[in-house]
Amino acid sequence: VQLQASGGGLVQAGGSLRLSCAASGRTVSYYAMGWFRQVPGKEREFVAAIRRSGGSTTYLDSVKGRFTVSRDGTKNTVYLQMNNLKPEDTAAYFCVARSTAGGTASEVVPRSGYDYWGQGTLVTVSS
């Protein structure tokens, strides 16, 4: 299984970017897909997740109202629409997928909740 992320780049504060991540290889319907981010020297943190069942979502508090996670289940693709970006959103963003059953907040927020990780795509927000 490979997760291929794209869409990162340089944007000014207040701008928008849309990240995409497509899963290839083993064809499964993931129980949840989402995004983490990491700044050098800091731990990787949860950003957002969307569940297969009902499409419910969970977000990091600091991105609520600005970021929207969505997925195309037929394509095993997850998106992250990021609006009103702030310099503190600068990070490498990683897409993730969970192939095991479950989807509570305690399961989708920790890094251990995911079986597959994509490579990072860099988002830089200038002030």
(request) Assess whether side chain to side chain donor-acceptor pair (under 3.5 Å) is satisfied between D72 and T77, documenting all intermediate values. (result) CA-CA 5 Å; D72 182 337; T77 301; 6.0 Å; no
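Remark: S106 pairs with T104 by the side-chain hydrogen bond (donor to acceptor under 3.5 Å, both in side chains) rule, at least two apart or across chains. By the salt bridge (charged side-chain N to carboxylate O under 4.0 Å, His left out) test, R111 is found to be paired with E43, residues two or more places apart in sequence or in another chain being considered. Shown here are the side-chain hydrogen bond (donor to acceptor under 3.5 Å, both in side chains) partners of R98, two or more places apart in sequence or in another chain: there are none.
Under the 4.5 Å side-chain contact rule for hydrophobic residues, V1 and V78 share a cluster. V108 and V69 are assigned to two separate hydrophobic clusters, defined by single-linkage of ILVMFWY side chains at heavy-atom distances under 4.5 Å. A chain of hydrophobic side-chain contacts below 4.5 Å, direct or via other Ile, Leu, Val, Met, Phe, Trp or Tyr residues, connects V11 to V63.
In this structure, the separation between CD1 on I50 and OH on Y79 is 11.5 Å, given to the nearest 0.5 Å. Atom CG of residue N76 and atom OH of residue Y116 lie 11.0 Å apart, to the nearest 0.5 angstrom. Taken from OH in Y30 to CZ in R52, the straight-line distance is 11.5 Å, to the nearest 0.5 Å. In this structure, R71 CZ and C21 SG are separated by 11.0 Å, a value rounded to the nearest 0.5 Å.
Across A23 and L3, no two heavy atoms sit closer than the pair CB-CD2, 3.4 Å.
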Which side-chain N or O atoms in residues 31-42 pair as donor and acceptor under 3.5 Å with protein atoms at least two apart or in another chain?
residue: R37; atom: NE; partner: E45; partner atom: OE2; Å: 2.7
residue: R37; atom: NH1; partner: D89; partner atom: OD1; Å: 3.0
residue: R37; atom: NH1; partner: Y93; partner atom: OH; Å: 3.0
residue: R37; atom: NH2; partner: E45; partner atom: OE2; Å: 3.2
residue: Q38; atom: OE1; partner: R44; partner atom: NE; Å: 3.0
residue: Q38; atom: OE1; partner: R44; partner atom: NH2; Å: 3.1
residue: Q38; atom: NE2; partner: K42; partner atom: O; Å: 3.1

Can you give each donor-acceptor pair under 3.5 Å made by side-chain atoms of residues 120-127, sequence neighbours left out, with the distance rounded to 0.1 Å?
residue: T121; atom: OG1; partner: G8; partner atom: N; Å: 3.2

For residues 80-87, which side-chain N or O atoms pair as donor and acceptor with protein atoms under 3.5 Å away, sequence neighbours left out?
residue: Q81; atom: NE2; partner: N83; partner atom: OD1; Å: 2.9
residue: N83; atom: OD1; partner: S16; partner atom: OG; Å: 2.9

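At distances below 3.5 Å, not a single donor-acceptor pair connects side-chain atoms of Q2 with backbone N or O atoms of G25.
Taking the side chain as every heavy atom from C-beta outward, F94 and V47 never approach each other to under 4.5 Å.
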